[in-house]
2 protein chains.
Amino acid sequence: MEKVPEQCRVEDALNIITGKWKPIILLHLLQEGTQRFSELKQKMPGVTQKMLTKQLRELEEEDIIQRTIYPQVPPKVEYAMTDYGRSLEPILEAMHEWGRNHTLRKRQKQQSPTS
Amino acid sequence: MEKVPEQCRVEDALNIITGKWKPIILLHLLQEGTQRFSELKQKMPGVTQKMLTKQLRELEEEDIIQRTIYPQVPPKVEYAMTDYGRSLEPILEAMHEWGRNHTLRKRQKQQSPTS
DNA sequence: CTCCACGGTATCATAAAAGATACCACACCA
DNA sequence: TGGTGTGGTATCTTTTATGATACCGTGGAG
């Protein structure tokens, strides 16, 4: 998604949190704190090694999360939100809240499809 | 983007507002009120007829915007936010605000890349 | 030796999103 | 009769995102 001139600063946030697994990663890190790779993977059924890695790297790239490698064998890598990353929380909150009402609404529509 | 079990209600909002032109459309409709197709198109340099139509249709599908056709020739079609659509405003606000700080931050990083 | 755990990478295939381009309908106006 | 303006649709191509699959490195346990 390229940038369109003025106004649309909205895109920046959007570019960062869109990606099939990013919101989920962020929620896990926000709600449960630092996690290692394998923990995240386990909590995200369906994700591939590659995809998880990729999304994590992209978030790291943007300074949203921080990657810490422990020089051990077998390897241990932890991911944590940065302070900057935490600044996304209001957005995620707002979306979460909205989403709840949205699903309610969908249910209502199903119950009275004739209206 | 498929749904992943619980927690991630965030996705619903995300699914609705992601799309290369959707945020821009929404901002225009929110900030400037009802607009006709050609007005939007004109305000969104680079968008194709097809793309604009598609994104508008998707938003309409979700009841975020309303499409009104006036039986004239040449045709006149207006797009407006629905009340439901306006409920997205806090999210867009939050992202807009965040985006502003983000660009500030990027500027700072460019000025002191050595830190 | 051999195998395992962990967190990867590399390669290839598929799906989804976006874009370019051409065409359409129709009342009206010259 | 032909051109114009609006808001489209239909095809085809390109670009991005996602996914499947196989392989890698290391040090300790057996």
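- Checking A:Met51 against B:Arg36, the closest nucleotide of DNA chain D that is more toward the 5' end is the one next to B:Arg36.
- Exactly one of B:Gln42, B:Lys76, B:Gln49 qualifies for a side-chain contact (heavy atoms from CB on, under 4.5 Å) with B:Phe37. That residue is B:Gln49.
- One finds no side-chain N or O of A:Thr53 lying less than 4.0 angstrom from the OP1 or OP2 phosphate oxygen of C:dG7.
- Following rounding to the nearest Å, A:Glu39 (CD) and C:dG8 (P) show an atom-to-atom distance of 13 Å.
- Residues A:Leu92 and B:Val10 share a closest heavy-atom pair of O-CG2, 3.7 Å.
- Contacts of B:Gln55 with the nucleic acid, taken as non-hydrogen atoms under 4.0 Å apart, involve only primed sugar atoms and P, OP1 or OP2.
- Pairing each heavy atom of B:Thr82 with each of B:Gly85, the nearest pair is OG1-N, 2.8 Å.
- A straight line from NZ of A:Lys54 to P of D:dA17 spans 6 Å, rounded to a whole angstrom.
- When every heavy atom of B:Pro75 is checked against every heavy atom of B:Arg36, the shortest pair comes out as O-NH2, 3.5 Å.
- No side-chain donor-acceptor contact under 3.5 Å links A:Gln55 to the backbone of A:Thr53.
- Closest of all the heavy-atom pairs between A:Pro90 and A:Ser87 is CD-O, 3.3 Å.
- When every heavy atom of A:Ile17 is checked against every heavy atom of B:Leu14, the shortest pair comes out as O-CD2, 3.9 Å.
- Within 4.0 Å of B:Thr48, counting heavy atoms only, lies at least one base atom of the nucleic acid.
- For the pair B:Lys76 NZ and D:dG7 P, the interatomic distance rounds to 9 Å; values are reported in whole Å.
- Distance A:Ile17 CD1 to D:dA17 P: 15 Å, rounded to the nearest Å.
- Contacts of A:Tyr79 with the nucleic acid, taken as non-hydrogen atoms under 4.0 Å apart, involve only primed sugar atoms and P, OP1 or OP2.
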Between protein and nucleotides 11-14 of chain D, what N or O pairs are separated by less than 3.5 Å?
from, atom 1, to, atom 2, distance (Å)
D:dT11, O4, B:Lys50, NZ, 3.4

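- The separation between B:Met44 atom CE and C:dA18 atom C1' is 13 Å, rounded to whole Å.
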Please list each protein N or O that sits under 3.5 Å from an N or O in nucleotides 22-28 of chain C, with the distance.
none

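- If you check every strand for non-hydrogen atoms under 4.0 Å, A:Lys41 touches nothing.
- Around atom CZ of B:Arg67, more than 12 heavy atoms belonging to other residues, nucleotides or ligands sit under 6.0 Å away.
- Put simply, CG on A:Leu52 is 16 Å from C1' on D:dA17, counting in whole angstrom units.
- Atom NZ of A:Lys20 and atom C1' of C:dA16 are 11 Å apart (whole Å).
- A donor-acceptor pair under 3.5 Å is formed between the side chain of B:Gln35 and the backbone N or O of B:Gly33.
- Side-chain contact between B:Trp98 and A:Ile16 is present, with heavy atoms from C-beta onward closer than 4.5 Å.
- When the C1' atom of C:dA16 is taken as reference, atom CG of B:Asn15 falls 13 Å away, rounded to whole Å.
- Contact annotation: B:Arg57 side-chain N/O to D:dG7 OP1/OP2 distance is not under 4.0 Å.
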